[in-house]
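Because the structure is predicted, anything quoted here is derived from the model rather than measured. Just so we're on the same page: letters track the sequence lines, and every chain starts at 1.
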Protein chains: 2
Amino acid sequence: MLLSKSCIYGLRASLYLASQKSEGYTPIRKMSEDLEISFHFLTKIMQQLTADELLESFKGPNGGVRLKKSGDEITFMDIVMAIDGPALFTECALGLPGCGVEKPCPFHEQWAETRDNIKEMMEGTTINELAIKGKEENLRLTAKGGFEKFLQLE
Amino acid sequence: MLLSKSCIYGLRASLYLASQKSEGYTPIRKMSEDLEISFHFLTKIMQQLTADELLESFKGPNGGVRLKKSGDEITFMDIVMAIDGPALFTECALGLPGCGVEKPCPFHEQWAETRDNIKEMMEGTTINELAIKGKEENLRLTAKGGFEKFLQLE
DNA sequence: GTAATTTAAGATTAAATACTCTTAATTATT
DNA sequence: AATAATTAAGAGTATTTAATCTTAAATTAC
Ligand code: SF4
Ligand code: SF4
């Protein structure tokens with residue numbers, strides 16, 4: 001699996017937030033219900049993204065989380081880095097320690113290229129881009145439901 | 001992590017076998033020592049590859065495992081499929097069930113392209129190719145050691 | 001045919017990841 | 001001030017993956 005479950009949930013929640021029209025905070029409870037993700041688990045992930053300055057949170061009634069900056073300025077990579085960290089891009093595909101420092105392994109050429117592909121894709125994709133596409137085409141963000149389910153009445 | 005530990009060990013062992021000159025069987029014990037992989041764990045992985053007809057084994061003294069066909073006919077993908085299965089290529093990057101069957105998720109375009117890149121890379125790379133390169137340039141197959149360590153006197 | 005060598009197979013343990021539960025802290029509403 | 005709503009934080013449990021240990025089966029060599 002390329003991304004951890006935590007990371008996947010973080011991405012889905014980020015797209016959810018990017019698709020919200022209002023400037024207000026969205027409660028994690030609501031997100032967890034809409035996205036069919038365990039509330040407490042999602043809370044922890046939101047905390048990570050908040051600690052990483054990608055989201056901002058507010059406690060108490062009318063509280064919740066929201067994007068800290070515009071969804072155009074948050075890339076797929078930002079979320080992946082905040083949750084899974086850089087391991088995917090620094091670690092050897094053969095599990096050997098210290099890639100690039102010591103002698104490479106025979107797989108390096110192929111892996112470096114693949115890795116760069118993944119990197120470019122993630123860095124070149126913003127969550128807004130994905131959210132807009134999701135809204136326009138009513139793509140799905142849970143097992144069954146499309147974006148329409150999450151859109152606030154505008 | 002793209003590949004499981006089992007898969008990584010399977011790949012390293014396959015390159016090891018492909019780099020052996022002789023036609024004989026190589027004991028798993030020796031491989032496990034040279035490659036610094038737990039003997040029993042490696043044994044299980046070799047069993048998987050044997051069950052998948054990529055290797056053949058022989059019990060008793062002078063026994064061990066060897067490639068069942070030429071290393072030119074065994075691709076990186078063959079090993080990955082035998083050990084990790086097709087999940088990487090069939091599963092949704094966002095963890096949603098039933099990719100392609102139901103409505104896609106907003107990430108699909110990017111993911112499908114990345115996935116195809118990985119697929120082509122794995123299908124287009126044989127273990128012989130990697131083994132030859134490893135031998136010629138004495139690349140590493142363990143944390144420290146290069147291929148030279150494993151080459152039989154010829 | 002007995003002992004030594006080796007893979008096969010299954011049971012067990014350890015570690016990492018995923019998920020849940022409980023309590024505390026903050027804020028708004030009344 | 002009291003209550004309710006909400007995130008924060010930490011402890012605890014469950015599941016999956018990784019690794020180890022034990023026993024059985026096959027084969028060779030003596
Ligand atoms: S140089 Fe080789 S060992 Fe290092 S990450 Fe690249 S492929 Fe892996
Ligand atoms: S179609 Fe969407 S949901 Fe399915 S695998 Fe592709 S990206 Fe994932």
Thinking salt bridges, do B:E23 and B:R66 make one under a 4.0 Å N-O criterion?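 No, no charged N to carboxylate O under 4.0 Å.
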
May I ask you to decide whether A:E109 forms a salt bridge with B:K133, counting only side-chain N to carboxylate O separations under 4.0 Å? yes

Protein-nucleotide distance ([X], atom [atom1]; [N], atom [atom2]), rounded to Å:
{"X": "B:L2", "N": "D:dT17", "atom1": "CG", "atom2": "P", "value": "15 Å"}
{"X": "A:D84", "N": "C:dA16", "atom1": "CG", "atom2": "P", "value": "16 Å"}
{"X": "B:M46", "N": "D:dA19", "atom1": "CE", "atom2": "P", "value": "14 Å"}
{"X": "B:E36", "N": "D:dT20", "atom1": "CD", "atom2": "P", "value": "13 Å"}
{"X": "A:F41", "N": "D:dA9", "atom1": "CZ", "atom2": "P", "value": "17 Å"}
{"X": "A:L49", "N": "D:dA9", "atom1": "CG", "atom2": "P", "value": "14 Å"}
{"X": "A:Q48", "N": "C:dC19", "atom1": "CD", "atom2": "C1'", "value": "14 Å"}
{"X": "B:F58", "N": "D:dA26", "atom1": "CZ", "atom2": "C1'", "value": "8 Å"}

Answer yes or no: does a side-chain N or O of [X] lie under 4.0 Å from OP1 or OP2 of [N]?
{"X": "B:S57", "N": "C:dT7", "answer": "no"}
{"X": "A:S38", "N": "C:dT20", "answer": "yes"}
{"X": "A:Y9", "N": "C:dC19", "answer": "yes"}
{"X": "B:K59", "N": "C:dT5", "answer": "no"}

Please work out if A:F39 contacts a base, only the sugar-phosphate, or nothing of the nucleic acid, heavy-atom cut-off 4.0 Å.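 It contacts base atoms.
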
Quick one: do the A:D84 and A:S4 side chains pair a donor with an acceptor below 3.5 Å?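 On atom types as modelled, these side chains qualify, holding a pair under 3.5 Å.
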
So which one's nearest nucleotide on DNA chain C is more toward 5', A:S6 or A:P61? A:S6

Between B:I74 and B:T126, is a side-chain contact (heavy atoms from CB on, under 4.5 Å) present by the stated rule, with each step listed? CA-CA 6 Å; B:I74 301 178; B:T126 67; over 6 Å; no

Taking donor-acceptor contacts at under 3.5 Å, does the side chain of A:H40 reach the base of D:dT7? no

Quick check on B:E113: does its CD atom have over 12 non-hydrogen neighbours (other residues, nucleotides or ligands) under 6.0 Å away? no

